[in-house]
Structures are given as structure tokens and as C-alpha cells.
Number of protein chains: 2
Amino acid sequence: MKPSGPLDRVAGAHDAAVLAVARRGEPVARTGLAEALQVTPQAISKILSRLSERGLMAELGSVSFGPGKPTTLYGIVPESRRAIGVHLTRTRLHGVVADLTGQILERREVEIDRGQPVPELISVLASAARDLARHGAGELLGVGVGMPGPVDPVAGVPLDSSSPTDAWRGASIRDLLLTELDMPVLVDHDSRAALVGESWSQPGLLDNAVLVLAEEGLGAAMRLDGTIVRGAHSRAGEAGHTVVRMGGRPCPCGRRGCAQAEYLAALEDDDQELAAEVLATVVLNLVRLVDVDRVVLGGRSIYAHHQVTMDAIRAALDRGLHAGAHGHVEVLLSTRGVDLIAAGAACEVLEHEYGLPSALVGPAAL
Amino acid sequence: MKPSGPLDRVAGAHDAAVLAVARRGEPVARTGLAEALQVTPQAISKILSRLSERGLMAELGSVSFGPGKPTTLYGIVPESRRAIGVHLTRTRLHGVVADLTGQILERREVEIDRGQPVPELISVLASAARDLARHGAGELLGVGVGMPGPVDPVAGVPLDSSSPTDAWRGASIRDLLLTELDMPVLVDHDSRAALVGESWSQPGLLDNAVLVLAEEGLGAAMRLDGTIVRGAHSRAGEAGHTVVRMGGRPCPCGRRGCAQAEYLAALEDDDQELAAEVLATVVLNLVRLVDVDRVVLGGRSIYAHHQVTMDAIRAALDRGLHAGAHGHVEVLLSTRGVDLIAAGAACEVLEHEYGLPSALVGPAAL
DNA sequence: TGACGTAACGCAACAGCGTTGGCTTAGTCT
DNA sequence: AGACTAAGCCAACGCTGTTGCGTTACGTCA
């Protein structure tokens, strides 16, 4: 029964909001921010001086519009902070360092043997992180890890996976990496990381959005009213195991007609059209349920045929929502390509430290 | 880019939290509340004195546990405030008055002619509300209206409906009723109202829950991390038009295999088992997507065969989630029976005034 | 019966964040 | 040069929660 915002959680809410506006890249001014945040210009002055003191923002100069004292412009200082992000799969590790705005400064890629035992995995992770840490300037905030399958972001533990003989299952990757690196570590589901990454660099745009990720499986993440949805057990977004064809193809999960089973089967038959139709159904169901106005698509499986897929989904949405007269739903392809999840994991660290408090509801710990 | 909690929105967050705890009915004490809210006992004293001054809570007495000064007990004053709730359908109006705890004090039921023009509808609504307003004590906070189909809760306007020649379509029920009654009016989707009502009387229990409502159609509402999901255009929860059987039965919405079409067809064939299976699929899909730990079922169509339906859904959830080792998902039948939506609409008014601010994100206006 | 320990509670001063009101600064326009 | 205007600073204040210390009311034990 904890209130959403005791003073110590709200402390800095306005500071974070100013930082979010500044993240867009354009210089910001006192009056505009006051308008945007619905506070007095005087409050913005105090906020900006706090942020400047922390090195997050800096005065850029001043411009004069007509009569009166010229406006002082402020801007974010991207190189003041950094975070490392890692996309971890069973066969590959893709790592990046990103600055405060989420811009990628450097990349690393490492192959992993399938079924690699946990201690080796940790040392590969740690050495990649240490390597990446040598690039860029500014305080290093921590390491984010995005991985497929359900993950407990508080404990940093992969939960059950489809293969019960999983070497990583139940391993506290977070704690092991934390002791190895002596640096905050945040572990989360890959699609959630991806959505955080997409929205960090375009603040406000994806406040009501879903991201559908098609890598080896099919996953989703949602941001509703600006808040990332985690769910009661941090398992929100298992779109791959929602049933779209009752009585359809059997799925390893034990049910029939799961979206993922139908999608993978269509790909196996090289039926791009059917695969896109399954994806479109998943997207439409999501839009109907949570009423988002933007949908982002990403993942290797989508990049391979993105033109066909995007067209099919856009067409299906136009057909499906026309009768309902939903406002237009924008369908976007991820802006980050193969860096999607690694960049997102880095942005999760940034968001944890400097994001709006509303984005942080629910369990997530560094 | 507004922050989630500027001070004036947070103002009273703790007060609301105390009120929420007290709403459970049991007397509350300083120490326990301080523990629950993570503030000092001294802060609780101030909060309780503010709430007492507003008449919302009162000192109940004191009890002594062992040595030391005895604990002063406080309790909510249910009769200090009231709200009216109305469940409006095309053929019937069901209205209630509820006290601050959501307890129903009085009911009214009025038949409506199908296709009744708007001015007549408003006068029927207003007279029912005025009648109900004579019952119970305490300040009357306003009128809540819950109705099927998409609704814009800011403007209080029913949006598109399946029948394009709808007499009510686009009518600003909120504004008309407001001028007629000179009292705050809140209009919302029926399933959302129902969920607010269920959770108001059991604060905290349904912080991560969905409610599936089966009346003439099939609807849903979600509460995630304590926040009611409204969506970008207040249309979240159209579970009836999610596709569960691609290529299945045609639906008036233009697509095939929508849950609602499959469900209604099964009922028409008097195949309770299939109907329950469709419902179970909808519920399982919801659980997979947003990972709630409680599911509430309600609506006339469910009450008719609730034993069969509940058993089928529980069985399907056990089967479907076993492989995923999800935590147990509790499936509950609505506690309010036919009052579900009317009571919920009243509770929406109460929640708007005295609920936790986190529950109020998104568009909703009185 | 009185002294002592204990737990709940109140009062007063303080801290953080935003607001208000008044003043200063630095430009354009006449 | 002087008037006008918009931006920005300083100081005092309001609200809410915290801290420190004193007060109250109860049980227990000598």
C-alpha cells in the first residue's frame, strides 16, 4: 500500500523531466521548459542549476528574440555519463557503450559456445565489459544485460526456459557479474530492454507503444502511459505464447496455435506472407488490448524481410482498425538495427538513474 | 513530457494511502501505518489529523498492549462521503449510491427503450440520480456512468459503436448530465468501471489484475502496478475483438475469429464447454501478455453458468501455465454480482477524489 | 504506594522543492 | 539617451516529511 510518490521518489521528477526534454538534442530554454512542465520559470532556474552542478547539463549561450533580455540556452552534456549494454543469447554476446543520450560509442561482439557453463560466461561478460569501459568519457553508471526468456530483474536470474536442462537456469547472473565487476548490474528481458532503448532516444514519442521482437522466438514489451509494463512476476510480454489459432499447430509450451509456433512454422515453410499475417494478428491483438498509438518492430527475423513484413502489418492494421475508427496507429521499424537490445540494455541503466520516476514503477534493481 | 508527480499531484499521496488502508474496514494505528507507508510515526500523526479534520477518518478509542501508553485507533468514516454510480445499457439503467467504502446504500432500476433519443435519456438519468441522492448521508461527490463500447472519459462521449446508426453516438453525455445535475460527472467504459469497483473495496489485492466482463459483448480491463490502463485513446481492453482463431467465424468488426464472435457463437449453439474454452483462451492470453496474478470474472453472461465457466478457466490456466511455471494465478468471481458496473462507476468517482494518484494516470476528468 | 521502564504521542525546529513578489540585467525601438 | 520589454536572480513563504526532545499513560516491581 505504498503511495506512488512519496517525496523521496518524486525528488528529481522535474529534474528528470528536464533531462528528458534536453535528451532530444535541441537546446532548451527556461520559458519553454516552464511551459512544458507546468511550473514557474523560477523553478526551472533552480532545476537547471542543480543539473549543471551535477554536470548533466551546461549553458550553451544565449539568443535574442526581439526586445528584452536574451534567452539563455542550455543543453545536455552527452559525454558526462556512460553505460554499458550487453545483448546475451545462447550463441553470441553483443556489447556496446552508450553515452547519456543513448548514442553508441563502441561495439564488441563475442561468440559463445552453446551450453557454456556459468563461470565461463561471467568471465566472458566481464572481460567484454572491461574492454568497452575503456571507451568514451564520463562516469560509468553500470552494465545492463538483455537476454531472451523470462528474467527476474530484481534477482537478475533467468527463470524457466523452454529447455529444462538449461545451464544458465537459476544462475544469479546479476550478483555474479556485480561481484566480478564491482559495478551496478541490471538484467532484464530482451524485448523490454529494446523498448527502453527505442524510447530513451525519442523521449515522449513511445509513451504508449508496444515493441514486437522477433529473434529466435517472438516477444513483446509495452509502455503504457509512459510506464514500462513488467507485470506481477516480471513476465509481461510473452506474446509468442498467446493463442491466435485455437486448435492450431502444437507448441513446445503444450498448447496449440501459439503465435510463436504459427510464426516459426510459416517461416520454415518459407511462407513470408503467412508469417507476416501471424505477426499482424499479434500486433492487432495488442493494439486492441492496450490501445497504443505506436508499434515498433525489431529483431533479426524481421530485418531479413522487413519490407514485406511492414507492408503486411500496416495493411492488416488499416483493414482491422478501419471499422473501429481507432486513431491511426503508426508502425515503425526499429531505429537501432542489430544494436537494438544491447543499446536498450545500456539505456535501462541510464533510465534507472536519470529516467522519469513513472517509468520505474515495479521491480527493477541495480 | 510532464513528470509523473509534481508536488501538487503528490500532495495527498500519503493521505490517500492511509485512506486506502483504512478502507479495508479494520481500525488502523500510527505505528502500523508508519511501517506500511515507510514514513515516520510523526508524519502519520499529521496525516491522520488532516484526514480527521476533513471528516474522512475519526478516532475510535485506544487499546493497550502491555506497558507503555496505549495505542490510539483510527477508522474511516464511511458515511462522510457518497457517490452515485449508474450502469447504462441500451435497454436498462441500473443505479446505486455508495458510501466512501464502496458499500451500496440504495439501488434503482429503470427500463429504457432501445434507441431512446438523447434528451430523454438524460432526463431519465438525472431523475434516477436525484432520487438516489436522497439516500445516505455525507457529501455527494458526483455521478459515475459506466457504459459498454468505447468511451472517451475526458469528453464523456460514446465513440463508434457496432451499429453506425446509433442515437447516442457522439453525444456528450457527460456535459449534458453535468449541466442538468450541476454535479461532477464521470463517464467510462463498463469493464473499467467494474475493475475499479472490485479493487476499491479490496485495496491492494487487485494491483496486478484483469477483469473480464461478459455481458452482451466481451470486454476486459486491466490494472497493472496499481494503475488502471486506459491507453492512448481510452480504448484499452477490447478483448472481444482480439483474434483467437485465425480464419474462424466472421465478426461484425470485419475480421475473422474474434474472441467475441467465437464466444457468442458457442453460446448460441448452447455449447457451454466451447464458450468457456474461448473465455479461458482470452484469459490465458491476457495473463501471458501482462502477467497479472489475479483474474476477476463478471457479467450476466458469466453469472448464468459461473460454476462451469470458472472450473473450465481454472483448469485451462493450470494446464497452460504449468509448463511456464508462472506463479499461481487466482481466478475470482466478481463479489458484486449485478451491481458490478454501477458500483464500479460510483467507485470511480470515489477513486478520482480519494484514490492513490498512481491510479489516476491518463485521461480522466470529472 | 511510589519509583522505574516502556511505548505512544506532541511540539518545535529544520530541510527540500516549488511559488510569489520585487528587483536587476540586457536587449530593441523611438 | 530614454522608454519599453523580456529574462533571470534573490529572498521570503507554504507544504510535507524528518529530527530531537519532552510529555503522557500504562505495566511492573520493590
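Naming: A, B, ... by sequence-line order, numbering from 1 per chain. Side chains included, hydrogens not; waters and symmetry mates left out as well; all remaining heavy atoms used.
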Which residue pairs pass the salt bridge (Lys or Arg N to Asp or Glu O under 4.0 Å) test with at least one member in residues 65-84 of chain A, sequence neighbours excluded?
A:Arg81-A:Glu139
Applying salt bridge (Lys or Arg N to Asp or Glu O under 4.0 Å) as the test, list every pair that has at least one member in residues 29-48 of chain B; sequence neighbours left out.
none
Atom-pair distance ([atom1] on [X]; [atom2] on [N]), nearest Å:
X	N	atom1	atom2	result
B:Phe65	C:dA8	CZ	P	9 Å
B:Leu33	D:dG17	CG	C1'	15 Å
B:Arg50	D:dG14	CZ	C1'	13 Å
A:Leu51	C:dC17	CG	P	11 Å
A:Ile44	C:dT20	CD1	P	14 Å
A:Leu37	C:dC17	CG	P	15 Å
A:Leu48	C:dG18	CG	P	11 Å

May I ask you to verify if any side-chain N or O of [X] is less than 4.0 angstrom from the OP1 or OP2 atom of [N]?
X	N	result
B:Arg30	C:dC9	yes
A:His14	C:dC17	no
A:Thr31	D:dA6	no
B:Thr72	C:dC9	yes
B:Ser45	C:dG10	yes

Summarise protein proximity over nucleotides 18-30 of chain D in one line of letters, 5' to 3': B for base, S for sugar-phosphate only, - for none, counting protein heavy atoms closer than 4.0 Å.
BB----BBBS---
Would you tell me whether A:Asp99 and A:Thr101 have side-chain atoms, one donor and one acceptor, within less than 3.5 Å of each other?
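Yes - a donor-acceptor pair under 3.5 Å links their side chains.
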Report yes or no: do B:Ser201 and B:Arg23 form a side-chain donor-acceptor pair below 3.5 Å?
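No, B:Arg23 and B:Ser201 have no side-chain donor paired with an acceptor closer than 3.5 Å.
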Run the side chain to side chain donor-acceptor pair (under 3.5 Å) test against B:Ser80 and tell me which residues pass, sequence neighbours left out.
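Counting only residues at least two positions away or on another chain, B:Ser80 forms no side chain to side chain donor-acceptor pair (under 3.5 Å).
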Under the side chain to side chain donor-acceptor pair (under 3.5 Å) test, which residues partner A:Thr72, sequence neighbours left out?
none
Below 3.5 Å, can you tabulate the donor-acceptor pairs from side chains in residues 54-62 of chain A to any protein atom, sequence neighbours excluded?
none

